[in-house]
Every structure is written in structure tokens, then in C-alpha cells.
Peer 1: 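Shown below is the structure under consideration.
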There are 2 protein chains.
Amino acid sequence: MVGMRRPTMADVAREVGVTAKTVSRVLNDDGPVAVETRERVMEAVRKLGYQPNLMARNMRVGARDAAIGLVIPEMGNPFFGTVAGGVESVVRPRGLTLIVGSSSETAELERSLVATFLARRVSGLMIVPSAAGDHRYLRAERAAGLPIVFLDRPAVGMAADHVVSGNREGARQGVAHLLAHGHRRIGFVGDLPAVLYTRRERFQGYRDALEAAGLPFDRALVESGHDQEAASAAVVRLLALPDPPTALFAANNFASMGAVVALARARRRDVALVGFDDLPLAEVLEPPLTVVAQDPAAIGTAAAELVLSRLDGRPSRAACREQIPTRLIARGSGELPPSR
Amino acid sequence: MVGMRRPTMADVAREVGVTAKTVSRVLNDDGPVAVETRERVMEAVRKLGYQPNLMARNMRVGARDAAIGLVIPEMGNPFFGTVAGGVESVVRPRGLTLIVGSSSETAELERSLVATFLARRVSGLMIVPSAAGDHRYLRAERAAGLPIVFLDRPAVGMAADHVVSGNREGARQGVAHLLAHGHRRIGFVGDLPAVLYTRRERFQGYRDALEAAGLPFDRALVESGHDQEAASAAVVRLLALPDPPTALFAANNFASMGAVVALARARRRDVALVGFDDLPLAEVLEPPLTVVAQDPAAIGTAAAELVLSRLDGRPSRAACREQIPTRLIARGSGELPPSR
DNA sequence: TTGTAAGCGTTATCAT
DNA sequence: ATGATAACGCTTACAA
């Protein structure tokens, strides 16, 4: 039983007494086929359990695999998972399969994944670039007409299509929300400086809001950490300042969780908090967490549609950027008044 | 520039003045090649920017795609995302690519995804089966030697390898934990009855624990809901009973969140709670949530290793089942004493 | 309406 | 150490 050769088109053809081409015609609704022949072919297909070999088809037909390669930093992260889900939802109805790999945020893994995808001759490439990367090596591919779209962050060293959140505007809105509730000293808790595109943008939004309100920028109110624990520590430092903030803006979900934990540990229910990126349990926290929510599914679908439009021949001479707007969700923590 | 044909092995060969087969030898470290020839080939490869075509290779070499097809219910769900990450971490070092699709928990989508994967001639199939499915149609594939492994839930209508959490034992442990803290009336909040394998197993664990403690089973203490809101409502009903439970066991994370929300809304800090499956913010809740944590990454890696071992020729005559143990994490909510 | 021949880009086999 | 030829399973182009 094991290793039994799979039936091929030729096997089906032999069974019916026709040629492979005729079977192909039936299966692809190509060219004219006699009704009776069609029926006999279909029956032989069922009888033999024949399944067309997509590999062979792809190879002959386009020299391109009917697949889209997607690189994300991490599969277990619901943000990127939802992005991937968005991509799949637009790509599958077009008959394209999704091939996914995770880079663990390292440029090396990202590059090796991309190499694999290119070797497979995927029809399109979608990349959430890792921080340290350089994408110049993809210029030739892009020039040769391969649709390449970057997600969540733009490419480095190369002008290419990309779809990102409205980071700057979203952060501005979140901070403006705190300002509107009377806060004048607002701490910023973000990733390690300058490394990440999103951190830079959101930081700009923070400054935009302050400037629009005519408030001075105080470097002492800016703290960073690369994970939840570090963010907690950052919050502790902020609250220990001589002139501490009455509100916090957490620039990503690790920072948000770190801030929530730090405030809970310190039993500080008087510090306002707005986080960038929504959390599953946000409404259960005390107080419920006010957030600037992103729309990861929309990032995925928009990027996938961009790839499809390139595939359909939309010229890709000029790189285009798409911004997916964020949405402020007021739940309580961002509406607390200043404590002093 | 667009549509420029990619260099093939033949192009490289022509450039060097040899045959395609020689280039193939160099690239695959196959057979003997003169040192000088090898160098000239490598240089031509660089010069032309040649990249081997994996599709063609796969087709010729094994009639199998060097890929593993994985079906999960939902990409945005961190549980399944982490499972997928576990699979990838095992499969990639072996040179296999991961192809993923989500079924949205519907048997139709699952089946169509599987069909696509089979048509691509993947080397292995990994499926988190959706509730309503029937997998008899896969028996022939399995008999023909295709490695097929089910994750998180077993197959229906067919004996096949599967890797699942220790649902029953984990639930037993969680409930026993509550019993050890003095509770005698423990409510069970789960999915809709009987539909889902995991719900059945965990319910059995609940009963095991009661039985071991010599406590009677009270049907009134069992409630169900298919999402967070329904679970909340279920908890409200339980607490309104004439002789209400002093503790709750939530059999999945939706139920856990629903229970947390319901207790918070009712300002009931006196009801103990143990949830099945960990939550990101569990330690931030008040009180911090005690859980029976699963190990989704381990489920993924174990299942992937099973596929690889089958691929390496381990006979698959008998289906094997692997249980990944759970781990009780006591954080506070499960250690509350009975309120009366 | 159906068949024939050729080819997609590799690698296996057998020669040289 | 290298080459010639065929083959993998399918589709395109053309012929019958």
C-alpha cells in the first residue's frame, strides 16, 4: 500500500481510452469536449481517486507558484496572526495559497525565508520587516516585476509598497485625549529608542500633541524598555520623578502591560493611562484600559489587495504607501483626571 | 525590465560552457566535479543571479513538495498561532516550508484547504480539526503513506496520529486544587455540550475530581456558553442559584474571560476561579487568575516531530496518541477560601 | 471534437 | 570528470 504511485492524468486518460490532453480539457473547462467523453473522464477521475498535481501545473503554466509568501516576526503574536488572517482572506478566493514563515525579528531568518520563497517562485512577497534589516537585495526582484509589499513597517534601503498603521496620528490622538482630560505632564513609555520605525512614529505623535497644546517637551518624561518587565521598571522610574507625570502613554502593548502591572503593584489607581494597540482583557482591568486600537486585519487585507493589484498589472514603478487609521477606545483609564 | 526571464540552469551551463547536469552536480554537491569547473560554475551563478527553481526540483525528485500543510481554525488566536510556531520551528531546520490555512472552524473550509494541500503534494499534513468534520476521506491518503497528524483534537471517523493537551487530567487537577482549598460546590462553565472534544474531556476531569473527593455531581452546577458573553451570563445564572457555588472552573479561555468579567461586574471578590488555558494578562487581574496552562508550542513541536518520524519511515500502521501535560499556575483566584 | 509534439526546469541513468 | 537523453505531470500550439 505504502508508496503506491499516485494516478496521473495519463492514467486517467488510459482508463477512459483518450489522451491526457482531453482529460486536461475536462478538468479545466478548456476547449470543447463531447458530453459523453466528459462524463467518462469524470467517472475515471473518481474511480482512480485522481487529484491534479498543482506543482506540475504551476510549473508549466506560469513558471510561478500560485502562492504568496508572507514573513512575520512571530506566529504566536495575535497582532501578526491577525495580519496573516487578513492576508489569507483576500488571497485564497483568488486561488492563491499562503506560505508563512516567522523571522523571530532577526534579519538573517527573514532573509533566509525570503530566499526560500523566491526559490519556490511565489507569485508575491509580503514582509513584516525586522528591525535590523536592509532590503536592497530585493531591488532586482521588484524591478523584474515581482509584487513585494511591506507590512507594519516600511522597507529599508529601497522604495517599495507598504501598508502601515497611522502610528503618528494615532499616538497624537491618544496623547491629545489625555491632554483633553486635563493632564499636563504625560509620560511616554516605548521601545528602545530609534531602533523601530513604529516607536519613532508614535513618539512623533506624542510630540505633535504636546506641541499642539503649547506644552514644553520634557526629556525626563520619556522612558524605554524592550519587554514588559523593562516597561514596568520604566514606569516605576517615571513615578519616582521629583515632578512625576499624572498620565502615561504606552507606545505598544508590551509597554501597556508593563504599565498596568507597575501601576497595580504600586496600587496607583490615580495615574491615567492610554495604550497603543488593544489588548484582549483591556475591559476587565481596573480601571478598564483606554487604548488606541490598530486594525491588524485591515493591514493584512490592504496589503494583500495591493499585491493582487500589482499581479493584475498595475504598474509598480512608483512605490505606494497606505495608512490604516487607528481608533481610540475610551474605557476608563484614559479618562482619569490628574491627581494633583 | 518587467517579465525578464529568470536564468535557468541551462543558462548557467551555457555561460560556463558545460551541461546543465554539471551545474546541478555543483549546486547539490552530487557526484564528482573538477575544482576549476566548480569555481567557474559558482561564478556564473553569481553573475547571472541564478536561483534554483524549487518547484522543478520537487517535481522531478520526489513528486512531493518539500512542504508541510497546516490547517488551524484561526490565525489571530494566539493559541493556534503558537502551535503553528512550534510546528515551524521543527519543520524548517529540515528544509521543509510551512503552508498554513485557517478553517474558521468550518468543516467545508477545512476540507477545501486539505484538498489544496493534497493537490500541491505536500510531504505531510497537520490538522486542527473543526468540530463538525468527518475525516474518513483521508483514509486513502494515510494508507498511501502520507503522514497525517491531528492537533489539539483527534480525527473523526478515522484512527490517526494525534497530539492533544492532557485535558482530562489538567481539568481534574484544577478542580482538585479548588477542592483542596475547601470548596465543595464548584461550578463548571464550558463550551456548548458534547460538540467539542476538549469540552468533553475537561468535563470528565471535573467529574473525576469530584468523584475522587467523594462529592456528588450536581447537574445544576454545569453551565455552558459558546462565547465570552454567554459565559458571563452562565456565571450570573450560577451565582443566582439557591445554593450557589463558592468556586468556578472555567473550561476554556473564553469561559475564563467571561467569568472574570461577570465576577468583576457583580463585584464578587469572594468567588474562587480556576481557568483552563492561560491568559496574557492573568497576573494583572484582581485577584490574579489561577490557571491550568496548556503548552501550545509543545503541541506543535511534538506533532511536527511525529510527522517527521513518519516521513523517516517509522511505520504508521498503528495510530499513536500523544498527550502534552498541562501545568497548574496558582496566582490567587484559585486559592480563595469558600465564602460561606 | 480529439490527438500529437514540444516544452516548463530539474535530476537519474547510463555513457563516454 | 562530464555529457546525452529521458523523465517528472502538466499545458500550449498546432494538426487532424
Side-chain angles (χ1 to χ4, degrees), chain A residues 3-42 44-45 48-67 95 116 118-123, chain B residues 3-42 44-45 48-67 95 116 118-123:
Chain A
M4 212 177 53
R5 203 175 59 80
R6 250 165 214 289
T8 76
M9 229 172 211
D11 295 326
V12 177
R14 199 171 312 118
E15 178 83 12
V16 182
V18 295
T19 288
K21 178 62 213 174
T22 303
V23 178
S24 170
R25 283 205 183 89
V26 173
L27 264 39
N28 298 313
D29 269 333
D30 190 25
V33 180
V35 187
E36 197 223 325
T37 312
R38 149 169 282 111
E39 272 167 13
R40 283 171 53 219
V41 166
M42 292 310 283
V45 164
L48 298 179
Y50 169 74
Q51 288 177 315
N53 184 329
L54 261 189
M55 273 199 300
R57 166 169 229 285
N58 282 332
M59 185 169 142
R60 173 71 246 239
V61 94
R64 282 256 149 251
D65 189 351
T116 307
L118 292 176
R120 297 184 73 96
R121 301 292 191 268
V122 293
S123 299
Chain B
M4 210 177 56
R5 202 175 61 78
R6 249 165 216 289
T8 76
M9 232 173 208
D11 295 325
V12 176
R14 199 172 312 117
E15 177 82 14
V16 182
V18 294
T19 290
K21 179 63 208 176
T22 303
V23 177
S24 170
R25 285 204 182 90
V26 172
L27 263 39
N28 298 312
D29 269 334
D30 189 25
V33 180
V35 187
E36 198 221 326
T37 312
R38 152 169 281 111
E39 272 168 12
R40 283 170 54 217
V41 166
M42 291 310 285
V45 163
L48 297 180
Y50 168 75
Q51 288 176 316
N53 184 330
L54 262 190
M55 271 199 301
R57 165 168 231 287
N58 283 332
M59 182 171 143
R60 173 69 246 233
V61 96
R64 281 259 149 249
D65 189 351
T116 308
L118 291 176
R120 297 185 72 96
R121 301 290 190 271
V122 293
S123 299

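Residue numbers begin at 1 in each chain, while the letters A, B, ... track the order of the sequences. Just so it is clear, the model here is predicted, and its values are computed rather than measured.
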Peer 1: Whole-Å distance between D/dT12 P and A/Arg57 CZ?
Peer 2: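 Whole-Å distance recorded here is 7 Å.
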Peer 1: So how far is it from B/Arg38 CZ to B/Met42 CE, rounded to the nearest 0.5 Å?
Peer 2: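 Between atom CZ of B/Arg38 and atom CE of B/Met42 there are 8.0 Å.
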Peer 1: Would you say D/dA1 has OP1 or OP2 under 4.0 Å from some side-chain N or O of B/Thr22?
Peer 2: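 The answer is no; no side-chain N or O of B/Thr22 sits under 4.0 Å from OP1 or OP2.
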Peer 1: Quick one, B/Arg6 with B/Asp11, criterion salt bridge (Lys or Arg N to Asp or Glu O under 4.0 Å). Give me CA distance, side-chain angles, the key distance, then yes/no.
Peer 2: CA-CA 9 Å; B/Arg6 249 165 216 289; B/Asp11 295 325; over 6 Å; no
Peer 1: Side-chain donor or acceptor of B/Arg121 under 3.5 Å from a matching atom on the base of D/dG9?
Peer 2: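 Side chain to base: no pair present.
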Peer 1: Where the side chain of B/Thr19 is defined as all heavy atoms beyond and including C-beta, which of D/dA4, C/dG3, C/dG7 is the nearest nucleotide?
Peer 2: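 Nearest listed nucleotide: D/dA4.
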Peer 1: Looking only at side-chain N and O atoms, does A/Asn28 come under 4.0 Å of OP1 or OP2 in D/dT11?
Peer 2: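 Yes.
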Peer 1: For the side chain of A/Ser123 and the backbone of A/Asp65, is there at least one donor-acceptor N/O pair under 3.5 Å apart?
Peer 2: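 Yes; at least one donor-acceptor contact below 3.5 Å.
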Peer 1: Looking only at side-chain N and O atoms, does B/Thr37 come under 4.0 Å of OP1 or OP2 in D/dT2?
Peer 2: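 Yes, such a contact exists.
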Peer 1: Relative to the 5' end of DNA chain D, which residue comes earlier, B/Lys21 or B/Val61, by the nucleotide with the nearest heavy atom?
Peer 2: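 Counting from the 5' end, the first nearest nucleotide belongs to B/Lys21.
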Peer 1: Counting heavy atoms from C-beta on, name the nucleotide in C/dC8, D/dC10, D/dA1 closest to the side chain of A/Met9.
Peer 2: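 Of the candidates, D/dC10 comes closest.
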Peer 1: Hey, does the side chain of A/Ser24 come within less than 4.0 Å of D/dC10's phosphate (OP1/OP2), counting only N and O?
Peer 2: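 No, no such contact exists.
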Peer 1: Could you state the CZ-C1' distance from A/Arg60 to C/dG9, rounded to the nearest angstrom?
Peer 2: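 After rounding, the reported distance stands at 12 Å.
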Peer 1: If we ignore hydrogens and angles and just use 3.5 Å, is the side chain of A/Thr8 paired with the main-chain N or O of A/Ala10 as donor and acceptor?
Peer 2: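 Judged by distance alone, yes, a pair lies under 3.5 Å.
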Peer 1: Less than 4.0 angstrom between a side-chain N/O of B/Thr8 and OP1 or OP2 of C/dG9, yes or no?
Peer 2: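 Answer is no, no contact under 4.0 Å.
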